[in-house]
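Inspection log for the structure reproduced underneath, given as structure tokens.
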Number of protein chains: 2
Amino acid sequence: MPVTIEDLSKTLNLSRSTISKALNDRGDVSPRTRERVLQAAHELGYQPSAAARNLRRQRTDKIGLVVNYPIHQVSDFLAEFIPGLATIAEEAAYNLILYTSMAGNETRITNLCRSREVDGIIVAWPPRLSETAALCRLMSDERMPHIVLPRRVPHDDVSYVAADHKEGARLLTAHLIKLGHRRIGFERLPEVFETDYDRHAGYTTALRQAGINYDPALVIAADSSDDDYEARTFNTLMALPQPPTAILFFTDPAAIKVLSLAKARGISIPDDLSITGFDGILSSGVTEPALTTVRQPLPQMGKLAVESLLRLIADETIEPQQHTLPVELIVRRSTGLHIRT
Amino acid sequence: MPVTIEDLSKTLNLSRSTISKALNDRGDVSPRTRERVLQAAHELGYQPSAAARNLRRQRTDKIGLVVNYPIHQVSDFLAEFIPGLATIAEEAAYNLILYTSMAGNETRITNLCRSREVDGIIVAWPPRLSETAALCRLMSDERMPHIVLPRRVPHDDVSYVAADHKEGARLLTAHLIKLGHRRIGFERLPEVFETDYDRHAGYTTALRQAGINYDPALVIAADSSDDDYEARTFNTLMALPQPPTAILFFTDPAAIKVLSLAKARGISIPDDLSITGFDGILSSGVTEPALTTVRQPLPQMGKLAVESLLRLIADETIEPQQHTLPVELIVRRSTGLHIRT
DNA sequence: ATGCTTGCCGAAATCGATTTCGACACCGAG
DNA sequence: CTCGGTGTCGAAATCGATTTCGGCAAGCAT
């Protein structure tokens, strides 16, 4: 049975209120008593009950990380977020509760808000844009502070932390153009809202800046529910009358898969075809050839998400926190000069 | 302001006790009232306060994942554990709270136990064996159910889930021996208690079974606090009068680093030297050559840890849960036949 | 009419802390 | 001596649920 404030009260012959005030430095307590209380608390090993505290103070000092995506598909990213998230949270004396398999379950989120298990919510990888907006409205109605990660939400009243995908795609495309490529394949993933849109905007921007015509045939909308969509993108593009000489894939794993696909077909990378990934995961650096890609500042994004959320928790009236962080182009050996024929 | 049981009580003209009993199916309530309560609860959007519940029931339905290691060094593993952990926990209506940067801080663990924020604790990557034992004793004293992951603890009264590292090392060594290798380097990491011991035991077992003499010069005790310890292991071994023709590294990342080190030095792998990693991380499959390694069943280990912990929570008198899971040898191209000179 | 179940419901205690507000003693000033 | 302030402390309310125990009424048997 753990030591309660009542136990302290009895051994010290002081009221519970005095004990509480002494421990929380709320004034109204003489230095001598305060000392006695602190001493006794330490000796008896007193630690306030979290539940009782939470109930009385109407806050839990916890934030929820709600993962709105099949967990095994994002656990790699999660791993990169978590150190940042956890570190900042703990510095502010907050804990992190993990909620997975929340995909598509608005009821569970509603209940989470109403039960007041957490003081704020980080919504990670939420579903399609319209659903995300609905979700955020729901949380606003419940007056639950929240922030979306790592996706941009094009609504003025929604807080989010995202990376600059437009600039990322632009950098990759411009890099390929500088290498002499003119026909550049581009893989889309429309379900990844805003991210997909932004990347496509970056792609077209780079083309425009170089005076290259946009060819819709080179842009493939993939469907990640298809288990083998990377191969499909690759095959479709290479079967074109005029196949591209370079391809931007949507993720590093996709590009890595294509790496072995190409090798199996005798297509040399980067001599016959340049390819790029996106995200800069660890694996992308050890493939043969290593992938040219774009790195998102995942740790910083995690930190910023928590910091912003804490601000929203501290001050209800604060304006929405919207952050887009710069990305970094990583040039490696999967992209090379286009050999004109 | 969220809806409380008191609000329900007023709108229904029923006592709080009746409401509670109706919602929790505790009998003593007529079907008609029960129906009325359920209906009203749904309409008003009632959800019980977690804090109040926790206080009254003296449990939180949460388990803590205490990461006792620099978080960025284990986040890859964490990512593979988390899906299993979270899934099983949620199936049992438990939540997962993440506690990082707990390294070496017994006070924080003590406080965690005493504040009763969680019903049980998974201790992940605890420090040296003696400290771990102390930690576990401490938690036992606080009557806090706990289980160690992913390390074996050689004490009858400590629960843990680990992988069979001895068998893993034995499999790797035997594999190399079958390829004709006789001088096999072995990297140790003594600070990783029991794991290191077990792997070394597997290594010597395989040697003994093949009738090969144990040469202490081939066994290097590395120090992971050294930022470049893999290179040191490699250099020390290759500088030997009779260098090994194969080396077992302690981790995949270590082996991957050595891969590029060897290439830079014109040492061909596996023609001049066979090397192996350990763990079977994603990257190990995409290097050139891909790594021969051993895979731990991380997802299953995570599941089993939660299941075992839940058993310990449910029944105090249950015997300690000790599980060692089988590993899997993955033969790839970083190991090859030893060409006798 | 009386006694006894049985079924249904409510009053009140309880979990362990925080916080408000009033009580009391002591002090110096008038 | 009285009054008002100051410094400490405690009684009690409160947070929102659960649980125990007793009460009341209806129904049945005596």
Side-chain angles (χ1 to χ4, degrees), chain A residues 1-38 40-41 44-62 93 111-119 142, chain B residues 1-38 40-41 44-62 93 111-119 142:
Chain A
M1 212 48 57
V3 181
T4 73
I5 207 173
E6 178 64 24
D7 299 327
L8 277 183
S9 163
K10 273 190 236 154
T11 60
L12 285 175
N13 267 98
L14 285 172
S15 77
R16 295 202 304 272
S17 16
T18 305
I19 314 265
S20 172
K21 282 183 288 191
L23 291 174
N24 293 299
D25 249 335
R26 286 243 182 294
D28 254 37
V29 178
S30 79
R32 228 173 51 81
T33 351
R34 212 183 79 87
E35 214 39 60
R36 276 184 54 210
V37 172
L38 259 45
L44 297 191
Y46 169 76
Q47 186 67 19
S49 144
R53 257 191 129 105
N54 292 346
L55 176 57
R56 175 64 231 216
R57 297 161 71 146
Q58 298 287 80
R59 38 179 280 205
T60 60
D61 296 325
K62 299 189 197 317
N111 291 349
L112 176 58
C113 292
R114 302 222 238 250
S115 69
R116 299 281 136 178
E117 287 187 21
V118 295
D119 297 340
E142 302 290 341
Chain B
M1 212 48 56
V3 181
T4 73
I5 206 172
E6 178 63 23
D7 299 326
L8 276 184
S9 163
K10 273 189 236 154
T11 61
L12 285 175
N13 266 99
L14 285 172
S15 75
R16 295 201 305 269
S17 16
T18 305
I19 314 265
S20 173
K21 281 183 288 192
L23 291 174
N24 294 298
D25 250 336
R26 287 243 180 296
D28 253 36
V29 178
S30 78
R32 227 174 51 82
T33 344
R34 210 182 80 86
E35 213 39 59
R36 280 207 317 147
V37 172
L38 258 45
L44 298 190
Y46 169 75
Q47 187 67 22
S49 144
R53 255 190 129 105
N54 293 345
L55 176 58
R56 176 63 231 218
R57 297 161 75 145
Q58 299 286 79
R59 38 178 280 208
T60 60
D61 296 326
K62 301 190 195 318
N111 291 350
L112 177 58
C113 292
R114 302 221 238 249
S115 70
R116 299 280 135 179
E117 287 187 21
V118 295
D119 295 342
E142 302 289 341

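Below, read A as the first sequence line, B as the second, and so on, with proteins coming before strands; counting in each chain starts at 1.
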Worksheet entry | Pair D61(A) + R59(A): basic N to acidic O under 4.0 Å | yes
Worksheet item: Residues in side chain to side chain donor-acceptor pair (under 3.5 Å) with D25(B), at least two apart?
Response: R34(B)
Worksheet item: Among all residues two or more places apart in sequence or in another chain, which pass the salt bridge (Lys or Arg N to Asp or Glu O under 4.0 Å) test with R56(B)?
Response: none
Item to complete: Enter the distance from L55(A):CG to R53(B):CZ here, rounded to the nearest 0.5 Å.
Response: 13.5 Å
Discussion item. Rounding to an integer number of Å, can you tell me how far K10(A) NZ sits from dG16(C) C1'?
Written reply: 13 Å
Worksheet item: Can you check the E117(A) CD to dA17(D) C1' distance for me, whole Å?
Response: 14 Å
Worksheet item: In whole angstroms, how far is the C1' atom of dA17(C) from the CG atom of D7(A)?
Response: 13 Å
Fill in: Rounded distance in Å - CZ (R59(A)) to P (dT18(C))
11 Å
Worksheet item: Taking only N and O in the side chain of R53(A), is any of them less than 4.0 Å away from OP1 or OP2 of dG16(C)?
Response: no
Worksheet item: Taking atom C1' of dA12(C) as reference, at what distance in whole Å does atom CD of E6(B) sit?
Response: 14 Å
Fill in: 5' priority, DNA chain C, between I19(B) and I5(A) [closest heavy atom]
I19(B)
Discussion item. Taking only side-chain N and O atoms of S49(A), does any of them lie within less than 4.0 angstrom of OP1 or OP2 on dG16(C)?
Written reply: no
Discussion item. Strictly below 4.0 Å: does T33(A) bring a side-chain N or O up to OP1 or OP2 of dC9(D)?
Written reply: yes
Worksheet entry | CG-CD distance between L112(B) and E142(B), expressed to the nearest 0.5 angstrom | 10.0 Å
Taking only N/O atoms, report every protein-nucleotides 19-24 of chain C pair under 3.5 Å with atom names and distance.
{"residue": "dT19(C)", "atom": "OP2", "partner": "R26(A)", "partner atom": "NE", "Å": "2.7"}
{"residue": "dT19(C)", "atom": "OP2", "partner": "R26(A)", "partner atom": "NH2", "Å": "3.0"}

Quick one: side chains of residues 17-24 of chain A, donor-acceptor pairs under 3.5 Å with protein atoms, not counting sequence neighbours, listed by atom name and distance.
{"residue": "S17(A)", "atom": "OG", "partner": "S15(A)", "partner atom": "OG", "Å": "3.0"}
{"residue": "T18(A)", "atom": "OG1", "partner": "S15(A)", "partner atom": "OG", "Å": "3.1"}
{"residue": "S20(A)", "atom": "OG", "partner": "N24(A)", "partner atom": "ND2", "Å": "3.4"}
{"residue": "N24(A)", "atom": "ND2", "partner": "S20(A)", "partner atom": "O", "Å": "2.9"}

Item to complete: Please list, chain by chain and in numerical order, all residues satisfying side chain to side chain donor-acceptor pair (under 3.5 Å) with E35(A), sequence neighbours excluded.
Response: none
Discussion item. Please tell me if Y46(A) has a side-chain N or O lying less than 4.0 Å from either OP1 or OP2 of dA17(C).
Written reply: yes
Worksheet, complete the sentence: Between CG of L55(A) and C1' of dC15(D) the distance, given in whole Å, is 4 Å
Practice prompt. Please report the C-alpha distance between T60(B) and D119(B) in whole Å, then the side-chain angles of each, then the deciding distance to 0.1 Å, and finally whether the side chain to side chain donor-acceptor pair (under 3.5 Å) criterion is met.
Written response: CA-CA 6 Å; T60(B) 60; D119(B) 295 342; 3.1 Å; yes
Fill in: Nearest-Å distance for atom pair CZ/C1', residues R114(B) and dA17(C)
17 Å
Worksheet item: Which part of the nucleic acid, if any, lies within contact of N13(B), taking any heavy atom under 4.0 Å across all strands shown: a base, the sugar-phosphate backbone alone, or nothing?
Response: sugar-phosphate
Worksheet item: Once you round it to whole Å, what is the distance between P of dG10(C) and CG of L8(B)?
Response: 13 Å
Worksheet item: Do any side-chain nitrogens or oxygens of Q58(B) fall under 4.0 Å of OP1 or OP2 in dG16(C)?
Response: yes
Discussion item. Using C1' atoms of five pairs at each end, report the bend of the helix from dA1(C)-dT30(D) to dG30(C)-dC1(D) rounded to 10 degrees.
Written reply: 70°
Discussion item. Taking E117(B) first and then K62(B), would you say they form a salt bridge - that is, a charged N and a carboxylate O separated by under 4.0 Å?
Written reply: no
Worksheet item: Can you tell me how far CD of Q47(B) sits from OG of S115(A), rounded to the nearest 0.5 angstrom?
Response: 6.0 Å
